[in-house]
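Working notes, structure below.
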Amino acid sequence: MLVKAYFGPKEAHAYLPLVLILSGAAAGGLAAVLAQTIMVPMDIISQHQIIMNTSSYKAHAAALQVVHDVMKKDGGIKGLYQGLGLSIMSRLPT
């Protein structure tokens, strides 16, 4: 354990609750970032499908077609990740 190696066994026990809290917070934060990295493109695709009119929906409603259209219109892969920063910031405190 890194804390034991740095402080010694007696001092490490004093810092153990803090290490446990911080490691849990870091793991939760990483999980939130990874989840939003997956969910934001799916939300972008579904939002584009929602706002399509009937004729456009019949021709271009497939998810891969929507991905292609978003990437073409909004400048590549960054079009799928619009709002990722705000989404991560809203999820990290929880």
Side-chain angles (χ1 to χ4, degrees):
M1 182 175 196
L2 182 62
V3 176
K4 264 188 190 176
Y6 186 74
F7 290 110
K10 289 185 181 180
E11 294 88 4
H13 289 292
Y15 291 102
L16 189 58
L18 180 63
V19 169
L20 291 175
I21 291 170
L22 292 178
S23 64
L30 181 61
V33 168
L34 290 175
Q36 290 307 307
T37 303
I38 294 169
M39 291 304 296
V40 167
M42 292 170 51
D43 283 341
I44 295 289
I45 292 168
S46 68
Q47 290 169 5
H48 278 271
Q49 287 176 326
I50 288 170
I51 62 172
M52 287 181 176
N53 59 29
T54 307
S55 62
S56 177
Y57 186 80
K58 288 179 182 176
H60 303 287
L64 290 177
Q65 182 63 41
V66 174
V67 168
H68 181 264
D69 293 344
V70 168
M71 289 178 68
K72 188 170 143 183
K73 186 178 108 181
D74 294 334
I77 196 81
K78 72 178 183 177
L80 291 174
Y81 286 97
Q82 292 176 349
L84 177 65
L86 183 60
S87 181
I88 288 173
M89 289 305 191
S90 68
R91 298 287 190 251
L92 278 182
T94 62

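- For the atom pair Lys78 NZ and Leu84 CG, the distance stands at 14.0 Å (nearest 0.5 Å).
- Between Gln82 and Val70, every side-chain heavy-atom pair lies at or beyond the 4.5 Å cut-off.
- Clustering ILVMFWY residues whenever any of their side-chain heavy atoms sit less than 4.5 angstrom apart, transitively, puts Met71 in the very cluster that holds Val40.
- At least one side-chain heavy atom of Thr37 sits under 4.5 Å from a side-chain heavy atom of Tyr81.
- Surrounding CG of Leu30 are more than 12 heavy atoms belonging to other residues, nucleotides or ligands, all under 6.0 Å away.
- In this structure, Met42 shares a hydrophobic cluster with Ile38, Met39, the cluster being traced through Ile, Leu, Val, Met, Phe, Trp and Tyr side chains under 4.5 angstrom apart.
- Side-chain contact check for His48 versus Asp69: every heavy-atom pair is 4.5 Å or farther apart.
- Side-chain contact between Leu80 and Val67 is present, with heavy atoms from C-beta onward closer than 4.5 Å.
- For the pair Leu64/His68, no side-chain contact is recorded, criterion being any heavy-atom separation below 4.5 Å from C-beta on.
- Residues Ala62 and Gln49 approach most closely at C-NE2, 4.1 Å, considering heavy atoms.
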